[in-house]
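Below: one structure, written as structure tokens.
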Protein chains: 4
Amino acid sequence: MSSDGAGPGGPASGGGLLAPVWAGTRAEAVTADAAWLRAMLEAEAALARAQARLGLIPSEAAAAIDRAAATLVIDPAGLAKRARQSANPVVPLVSDLRQAVPGAAAFVHRGATSQDILDSAAMLVATRAVRGIVSDLSGIMRDLGTLAERHRDTVMAARTLGQQAVPTTFGLKAAGWLAGLMHARVRLRELRLPAQLGGAAGTLAAFTELAASHASGGQALALDLVELFAEEIGLAAPPAPWHAERSPVTELGAALVGTARALGKPAVDIILMAQTEVGEVAESSSGGSSAMPQKRNPALSVLVRSASFQVPAYAQVLGQVGEHERAAGAWQAEWLPLREALRLTGGAAETAAELVAGLRVFPERMRANAELTGGRLVAERLSAHLGPDELKRILAAEGPPQVAAELLDPGAYLGAAPDLVDRILATYREQP
Amino acid sequence: MSSDGAGPGGPASGGGLLAPVWAGTRAEAVTADAAWLRAMLEAEAALARAQARLGLIPSEAAAAIDRAAATLVIDPAGLAKRARQSANPVVPLVSDLRQAVPGAAAFVHRGATSQDILDSAAMLVATRAVRGIVSDLSGIMRDLGTLAERHRDTVMAARTLGQQAVPTTFGLKAAGWLAGLMHARVRLRELRLPAQLGGAAGTLAAFTELAASHASGGQALALDLVELFAEEIGLAAPPAPWHAERSPVTELGAALVGTARALGKPAVDIILMAQTEVGEVAESSSGGSSAMPQKRNPALSVLVRSASFQVPAYAQVLGQVGEHERAAGAWQAEWLPLREALRLTGGAAETAAELVAGLRVFPERMRANAELTGGRLVAERLSAHLGPDELKRILAAEGPPQVAAELLDPGAYLGAAPDLVDRILATYREQP
Amino acid sequence: MSSDGAGPGGPASGGGLLAPVWAGTRAEAVTADAAWLRAMLEAEAALARAQARLGLIPSEAAAAIDRAAATLVIDPAGLAKRARQSANPVVPLVSDLRQAVPGAAAFVHRGATSQDILDSAAMLVATRAVRGIVSDLSGIMRDLGTLAERHRDTVMAARTLGQQAVPTTFGLKAAGWLAGLMHARVRLRELRLPAQLGGAAGTLAAFTELAASHASGGQALALDLVELFAEEIGLAAPPAPWHAERSPVTELGAALVGTARALGKPAVDIILMAQTEVGEVAESSSGGSSAMPQKRNPALSVLVRSASFQVPAYAQVLGQVGEHERAAGAWQAEWLPLREALRLTGGAAETAAELVAGLRVFPERMRANAELTGGRLVAERLSAHLGPDELKRILAAEGPPQVAAELLDPGAYLGAAPDLVDRILATYREQP
Amino acid sequence: MSSDGAGPGGPASGGGLLAPVWAGTRAEAVTADAAWLRAMLEAEAALARAQARLGLIPSEAAAAIDRAAATLVIDPAGLAKRARQSANPVVPLVSDLRQAVPGAAAFVHRGATSQDILDSAAMLVATRAVRGIVSDLSGIMRDLGTLAERHRDTVMAARTLGQQAVPTTFGLKAAGWLAGLMHARVRLRELRLPAQLGGAAGTLAAFTELAASHASGGQALALDLVELFAEEIGLAAPPAPWHAERSPVTELGAALVGTARALGKPAVDIILMAQTEVGEVAESSSGGSSAMPQKRNPALSVLVRSASFQVPAYAQVLGQVGEHERAAGAWQAEWLPLREALRLTGGAAETAAELVAGLRVFPERMRANAELTGGRLVAERLSAHLGPDELKRILAAEGPPQVAAELLDPGAYLGAAPDLVDRILATYREQP
């Protein structure tokens with residue numbers, strides 16, 4: 001251990017120590033360096049297979065590349081250092097892959113550019129991470145649906161600007177969280193993350209040249225290659241190369257921001273409802289404190305919220321405008337925040353699933369809080385019944401307002417809350 | 001004039017002096033304080049009309065409110081000051097509107113909350129601004145389509161990381177800009193900006209109470225009211241009140257970011273192509289300089305780009321997670337950046353329309369630049385033909401490479417560029 | 001009124017309607033379009049005076065320019081539109097100023113570039129806005145000092161992650177707010193906002209040429225001119241032109257972010273303490289609600305917090321890296337967010353001053369809340385006295401812990417809170 | 001390898017594969033998980049030593065803790081997972097440390113809270129990372145000083161908005177980069193990163209209680225402990241606990257943003273000057289391309305710029321306003337972006353050092369470009385000599401302007417550029 005705290009050997013430089021929200025989650029695994037490396041190799045293999053299908057390279061070469069890509073073991077840290085010289089990790093990766101297939105080296109990465117491989121790999125990693133997120137969202141939504149239904153009529157105080165406003169039900173609050181997540185899930189499912197294949201600068205020139213001798217002609221075959229490549233790698237076929245048209249990245253980022261916020265909403269509300277003075281909910285296995293033995297920290301909510309603070313910041317770096325046919329900096333700046341946005345959102349989803357599944361709800365505290373102000377929670381109702389002047393007189397007096405008890409019951413002023421719960425649940429159940 | 005530069009009277013505090021990109025544009029007008037005020041009044045009028053249609057308030061009252069809302073003249077600066085006490089401008093606005101309809105005062109804003117009016121007004125303003133943006137985008141796209149077609153085969157150097165890479169055509173570059181804008185326009189058109197109506201805390205309680213005496217029952221009628229209100233104001237009917245579920249705002253922001261970037265892309269490329277040493281394009285009425293009489297600044301591109309730098313920052317403030325049924329700060333923080341994101345994007349669209357319509361293209365400079373490196377622009381091709389070792393030998397020699405002139409012609413190595421232009425144009429023409 | 005809500009004439013496009021936090025404040029006035037215009041004219045006048053002092057232009061010309069700059073009336077909206085052609089408002093401003101001094105037109109803006117004038121004006125506007133902010137901060141700090149002293153020993157529950165943790169005093173909480181503001185004020189006072197003068201591209205070429213015939217020689221005199229210009233305009237003399245070295249802008253932004261957050265901290269805490277269920281503080285003239293007559297919204301806190309959400313986002317646009325000797329977009333993108341960051345911070349300061357001056361504190365509620373958990377607030381203390389196992393046993397039992405009442409008194413476990421108050425107040429009083 | 005690309009075992013989840021700018025740099029090592037863990041253990045050890053110095057715990061216990069902290073081997077990934085339950089990694093760390101010192105377990109972490117340890121560790125990690133950055137900056141500045149001196153009079157075109165404007169020298173450009181870095185280094189050196197010690201909620205309660213039996217009294221001794229702890233850990237003593245007053249974090253972030261931008265400025269200019277059509281500089285070992293053998297990519301500049309795009313986004317998450325005595329989310333959100341901002345800035349500094357040390361400068365291309373427009377580069381000068389009308393006539397004519405050749409020489413219109421170089425270098429040499 002040197003004097004500045006640096007480890008002696010290759011540092012495990014960025015594990016989850018500082019991000020308990022995704023530490024040990026599936027999102028960490030599918031976005032790790034190893035998973036990105038694997039995805040880049042899959043992109044190279046898919047390209048070779050697609051080219052072989054069109055007769056552009058020998059089938060045997062494609063098979064060899066495919067095998068090597070599936071089994072090649074590369075040290076990510078070593079490769080990362082070698083990536084500095086070319087400002088991207090694909091150059092050394094291609095070199096390693098070529099060495100692994102001596103007889104087919106010339107057919108590796110044929111006609112492609114680094115960005116083809118890296119962008120396609122990024123979309124592959126994103127597809128897998130998003131799939132996990134959607135699955136976690138679905139679990140959370142199921143549990144929220146149950147909560148909403150069970151507490152359809154559970155009276156609690158709605159709060160605006162931190163102040164008790166009018167009665168609502170906990171079911172409607174849970175249904176509101178559900179509505180936000182429905183929205184987020186739709187956005188995630190609508191994503192059609194595209195493969196990227198354009199060659200050196202998006203003209204498919206080397207592919208066209210390669211295909212020139214073919215009967216069907218160069219340009220058309222090059223366009224076919226893009227389709228086949230997308231098919232082989234399992235991504236959407238792009239309308240055109242998008243090396244310099246970054247809306248797929250911008251939109252992926254926007255969908256993650258939407259999701260992180262939709263997850264953050266219950267987290268914020270739960271933190272507030274779990275306050276000592278409010279006590280309406282608690283996390284099931286609430287977090288301990290290193291100093292205070294009695295504390296029941298809303299640890300999972302805090303983790304989810306920590307992610308919802310970060311994702312928008314990282315997403316802002318995604319899809320920035322770059323120069324000409326490949327950006328000098330803006331593209332290279334996308335990789336890290338994309339990974340982080342994916343795994344923070346994924347970790348937040350997995351954490352929120354645990355949070356919601358174990359949420360403990362205390363209806364009696366909700367009711368007690370709703371009655372805390374002696375009827376002032378239904379002042380809007382009283383105002384309509386008594387008129388504002390009479391109401392003012394009544395509210396100014398000490399003690400509970402002197403009106404019919406029935407008028408004061410928060411449970412008798414729920415408005416359309418139960419119907420809104422039903423409506424949101426119906427929409428939810430209609431979603432595929 | 002006081003010693004600190006403050007004007008003596010009410011300041012015209014935020015005109016376009018610091019934002020020439022939108023100064024005097026339609027986007028400025030439709031997002032001005034006066035336009036927001038008008039939209040809030042329209043929301044109040046639409047609410048009254050919807051309530052009258054359901055028989056919840058007298059038709060005469062609704063008519064009076066409608067008339068007053070259409071004609072009431074309010075000083076925005078004065079109202080803004082009065083808004084400080086309640087932290088939103090709707091409270092004093094309602095007060096003014098009530099004063100304007102003495103006989104119907106009790107029917108103004110009946111059962112609504114400030115957020116209903118402000119959120120609905122924001123969506124109304126946004127709808128109008130977005131409509132203008134879409135219209136400008138369509139004009140730009142038409143012009144880019146023409147450019148792409150005309151320059152389908154105009155040879156130029158593609159550039160990656162600032163370096164000439166391989167040949168491309170200016171048509172493909174223009175088609176790439178078009179592709180980005182197509183994407184942005186789809187997103188803008190897909191927006192279904194919803195009306196907001198929930199009452200004090202999203203339960204529709206006061207509306208339900210108001211409707212309780214009706215045959216069709218309270219809750220159902222309250223839900224009907226939301227639909228009618230949306231119809232009257234001309235916005236989408238929301239699946240549920242979204243006072244605390246801000247995805248409509250997040251997604252509006254994301255669509256504006258996507259648009260600002262899609263507009264920024266041609267701006268960046270034009271600035272680079274217009275560099276003195278490159279000289280491939282020029283703005284028609286290029287900007288003068290206060291110091292250098294010879295300079296031809298790409299002023300319009302610079303303005304567009306200034307917007308594309310700002311919009312993502314403002315949009316980040318939109319749709320943040322808030323507390324409970326109304327956020328204490330996060331909601332109030334949305335108004336200003338929403339306006340700014342709308343008018344910067346709108347100004348950028350109007351400015352880009354002017355830019356693209358007047359763009360001067362110099363094909364001969366493009367060709368000359370593509371030939372600047374004596375054939376090195378087609379090194380990828382040479383490498384495929386000659387092998388990397390022979391190529392290295394040739395490139396190392398002084399002067400132009402000693403190979404068949406035909407091999408060196410950048411125009412003979414365009415790959416699928418022309419086909420890609422056709423494909424993008426075909427997709428564009430299929431868009432409604 | 002057209003169908004899209006746009007006013008018929010020139011719109012008052014950006015008043016405070018959407019920003020009650022600064023509507024009608026001094027910060028609005030000193031950052032208004034008119035104030036920026038005035039500052040640009042002051043910059044032109046200061047340049048002329050400085051040049052006259054060095055004998056570079058006739059004194060009569062400088063005097064004429066000075067007079068015209070002080071009196072010229074310009075319509076900001078009209079100028080803004082004319083600014084589009086050159087992508088900055090200085091070009092048309094110089095034109096107007098030249099017309100106003102027919103005899104001295106050739107001496108207006110002599111050797112300067114637009115950025116000299118705009119950057120200097122921005123620093124002038126910022127200086128004035130910052131002066132007001134510092135003054136407001138000082139008032140807030142005085143009031144917080146009083147609060148901290150008065151409530152040095154007022155027992156309340158400290159809360160971490162929303163949970164009651166251990167006892168503290170309200171005095172320490174107020175002193176903590178004060179500490180944050182002290183920090184922010186130091187940063188603001190340390191700012192040495194510089195004048196900018198570099199000529200066309202920062203080489204002072206035209207000034208040097210102008211001075212070439214002088215005995216003292218061209219270069220030295222040009223450097224002298226920069227000093228004199230700074231003196232005349234009342235800004236710091238820059239070590240070198242900073243047209244392309246934007247740290248003054250980055251640091252101004254950082255100081256504003258720090259201030260906005262230091263103001264946001266009491267706002268957040270007050271919102272939480274004012275919650276209906278907590279009730280430990282209230283705003284003096286708490287905000288009304290358009291729907292709920294009983295509500296006492298923490299309106300001023302909400303306004304302050306709305307600013308603290310926005311300033312960091314806008315500040316991010318300030319000081320971005322630009323190209324060569326003047327950025328094509330990044331510089332032009334600074335103007336609007338700089339104005340907004342200044343006036344949001346200024347408005348927040350003025351609003352927070354009102355908030356703190358009128359804050360109502362309820363010590364009995366603080367004490368009651370601290371005793372709410374029947375002694376669990378001092379579990380840390382009990383743990384030290386009884387050991388963790390015994391404590392666990394005691395806490396698990398129903399009702400208040402069965403230990404000596406004195407041990408349970410939150411007021412007997414304040415730690416160094418009162419001493420920390422004294423220490424912070426002592427530091428505060430030492431600050432100039 | 002599972003179907004979604006996740007590795008079978010514990011993933012090395014966040015190495016430098018996606019961040020070649022810091023892969024393998026010292027910045028990676030000093031910010032790795034292992035380094036953070038080490039710093040947390042150092043904080044625990046420093047606390048024990050400080051407490052022993054005051055006689056609050058036995059010296060033998062402190063010695064045992066110190067030894068254990070220095071040698072304990074912990075798997076970061078395992079600890080990270082265990083951190084989820086308490087939402088921070090200190091709780092399981094303390095548990096492990098206690099197990100490692102069976103006889104002194106009760107004296108581990110005595111009276112402290114997790115935030116004390118994590119914040120202090122963060123400042124320790126930051127101190128070390130910043131030290132490395134300052135060292136790299138100093139190397140870069142030395143090299144830029146040499147460049148500035150050597151090219152004090154090397155004529156090149158200054159460019160504004162991408163257009164050639166007037167002549168300047170490459171020395172002044174390099175001196176401008178140096179000026180930015182001087183500024184950044186001052187800010188970094190001014191940082192006084194403080195230790196954090198406050199106990200459960202910043203009142204030092206448990207320390208005070210622990211010290212109560214001592215002659216010198218509880219509160220005073222607790223304050224002494226803070227000083228001693230800071231001394232032992234090697235950080236600045238804080239004026240007061242800053243658990244909820246995050247200016248140290250905000251300012252650290254601001255200093256990193258300033259540095260990342262100061263490093264980004266030469267990167268941007270070098271990318272532009274290295275453009276194929278401009279060719280004024282080249283990186284020494286320019287990056288290869290996976291597709292184009294002839295390309296000489298400005299790889300190091302691109303890496304530096306990729307960092308300068310990211311740091312401001314991450315820094316925005318640092319120092320956000322949190323609730324009460326510990327934020328529920330905002331604090332936990334700081335850890336990851338702080339690490340990333342540190343290592344991106346550090347990686348950028350190390351990369352920029354390599355970039356600047358190897359920069360190749362081509363004065364003849366600079367001169368050639370400056371003469372490209374046949375004298376129009378000195379149009380400002382001509383305008384002063386000939387008047388604007390005559391100039392316009394001359395510039396409108398074909399070919400080079402018909403004026404005395406001497407007037408057209410860009411080298412004769414350098415203004416104060418050489419003097420400015422001298423002045424900046426003088427300031428630089430005065431800096432300690």
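In what follows, chains are A, B, ... by sequence order, proteins preceding strands, each numbered from 1.
More than 12 heavy atoms of other shown residues, nucleotides or ligands fall within 6.0 angstrom of atom CD in B:Glu364.
No part of D:Arg381 comes within reach of chain B, as not one of its non-hydrogen atoms sits under 4.5 angstrom from that chain. Proximity to chain B is absent for every atom of D:Leu382, based on heavy atoms less than 4.5 angstrom apart.
In plain terms, the two heavy atoms of B:Gln163 and D:Pro298 that are nearest each other are CG-CD, 4.0 Å.
For the residue pair B:Glu277/D:Gln164, the side-chain donor-acceptor check at 3.5 Å is satisfied.
The CD atom of B:Gln275 lies 11.5 Å from the CG atom of D:Leu161; values are rounded to the nearest 0.5 Å. Here the OG1 atom belonging to D:Thr276 is positioned 8.5 Å from the CG atom belonging to B:Leu377, to the nearest 0.5 angstrom.
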